[in-house]
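All ligand and atom numbering here is 1-based and tracks the order in the structure.
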Amino acid sequence: MGIKLKITALMVSVLIITGCSSNNSQPDVEMGQSTMNHDMMKEHMSHDEVVSLNNSTGENELNIPSMLESDNEEGIVYTVRAQKGKTEIFDGTESITYGYNGSFLGPMLRFDKGDTVKIRTINELDEETTFHWHGLEVAGDADGGPHDTLKPGEEKVIEFKVEQEASTLWFHPHPEGKTAEQVYNGLAGLIYIEDANSKSLGLPNDYGKNDIPLIFQDRTFDDKKQLNYDAARNDDGTIGDTLLINGTLNPKLTVNKEKVRLRLLNGSNARNYTFKLNTGDSFVQIATDGGFLNEPVTLKEITLTPSERAEIVVDFSQLKTSNDLALINEDGSILLPFEVSDESGESRNIPREMNSFSVTEEEMSLPVTKKVELFGMMDQVTINGKKFDPERIDFTQQQGVTEVWEIYNKPDEMGGMIHPFHIHGAQFKILSRNGQEPPENERGWKDSISIQPDETVKIAIQFKHKGVYMFHCHILEHEDNGMMGQVKVE
Ligand SMILES: [Cu+2]
């Protein structure tokens with residue numbers, strides 16, 4: 001499969017270089033000795049060809065990331081080290097991996113709203129890296145963008161006050177041109193923010209028991225069971241046939257007969273997932289990237305593009321467990337089998353009112369003051385016709401002032417592809433998708449948004465802090481290929 005993908009990528013590059021068009025009125029395009037017909041071209045250029053994931057056999061209990069303890073009692077001080085190590089992902093074989101405070105992935109950092117947090121970040125890798133806090137509202141110099149590289153052996157202490165509401169965020173590296181490879185090798189960790197509201201809602205919050213993080217990452221392993229990024233790399237987004245959840249191969253999750261909260265994070269370089277239960281049962285979504293929805297939204301499936309999060313609650317006391325229960329992907333591949341124990345857990349209701357998120361009339365009536373056009377594929381990706389330049393500031397915005405950004409995903413001749421668009425340092429509100437109100441389950445704080453080809457979205461965004469922040473496509477290879485710009489908040 002890896003070989004097939006590479007060939008596809010190569011053919012597409014050749015087609016771009018030769019400047020061919022997929023316009024149906026044109027005759028077959030000649031490429032040196034070989035000739036492609038339109039059906040072949042369509043197949044190779046539809047962007048849709050995605051290798052399926054292998055089914056999880058469920059032979060391994062899901063790993064739950066450890067919760068990172070504070071270094072001292074006086075203040076909240078964490079130490080986060082980026083490290084290289086070996087991990088037994090496959091029984092009896094060690095794979096070379098990266099991780100935070102360990103060999104693979106990272107611990108979960110739990111903050112309370114109002115906390116002043118200090119994090120000592122240390123680069124123990126033999127290459128440059130940065131520590132980016134995805135979704136966290138912090139000053140630009142604490143954000144860990146590509147200007148903030150730590151050389152091997154260097155360390156940096158950042159300090160910030162947590163002022164945003166309860167949410168599930170994450171952290172990962174962001175060095176220019178190297179983000180995709182470092183995340184692929186295992187650098188990713190979770191941040192939970194809790195506040196008075198999240199603690200009073202009576203939601204499942206027993207970490208690892210009925211409050212479960214699920215970090216979805218697809219990978220390709222070579223025949224020595226190694227993550228060989230250079231071999232697997234695809235300029236249009238590296239995908240793989242092997243799913244790891246929280247780093248666990250062939251995971252299963254054992255739950256009690258109760259409502260279980262699943263915090264879904266698409267931590268993949270490029271793959272989109274549409275999650276559903278194999279029974280066809282519904283579940284409720286309770287949170288978006290940056291906070292709770294006002295009320296639970298009942299869904300049968302939910303799509304997350306890279307870096308998006310959603311919290312959902314599945315009621316295992318109501319599901320018929322005679323069948324094999326599993327979380328599956330849109331195409332039916334089994335992502336996470338569930339084993340439901342006989343133990344009935346706590347009974348609880350999900351409150352009808354969870355938050356007071358709103359889009360104001362004023363925000364709706366603001367003019368568009370920033371326009372972003374996403375375009376291209378492979379290494380020909382641009383924002384407003386330009387590739388990332390660390391020396392260029394693309395936009396400026398005033399601290400504390402809400403502006404409306406309009407983001408357009410301009411299709412190419414082959415139709416284009418979904419780009420997940422992320423802005424650093426802030427949570428934003430979706431005002432509209434193609435002029436329409438966003439779906440119910442997107443009426444909450446977001447820091448990443450999936451944008452379809454030819455779709456225009458409007459968002460209202462306010463930065464609470466100053467600094468230079470990135471905005472970019474979260475297909476990590478697109479980001480590394482320059483689909484990124486900078487906004488300076490003054
Ligand atoms: Cu993209």
Practice problem: Please test Phe428 against Trp445 for ring pair (Phe, Tyr, Trp, His ring centres under 6.0 Å), starting from the C-alpha separation and ending with a verdict. | Solution: CA-CA 6 Å; Phe428 56 76; Trp445 292 109; 8.9 Å; no
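No close placement of the Phe421 and Tyr408 rings is indicated, their centers lying 6.0 Å or farther apart. Between His474 and His134, the distance separating the two ring centers is shorter than 6.0 angstrom.
Ring-plane geometry between Tyr100 and Phe131 is classed as tilted, the angle between the planes lying from 30 to 60 degrees on a 0 to 90 degree scale. Taking the six-membered ring where tryptophan is involved, the planes of Tyr78 and Phe111 are tilted, since the angle between them lies from 30° to 60°.
Around the Cu ion (ligand 1), the protein contributes the following N, O or S atoms under 2.8 Å, ordered by chain and number: His419 ND1, Cys473 SG, His478 ND1.
Pairs passing the side chain to side chain donor-acceptor pair (under 3.5 Å) check and including a residue from residues 480-490, sequence neighbours excluded, read His147-Gln486, Asp235-Asn481.
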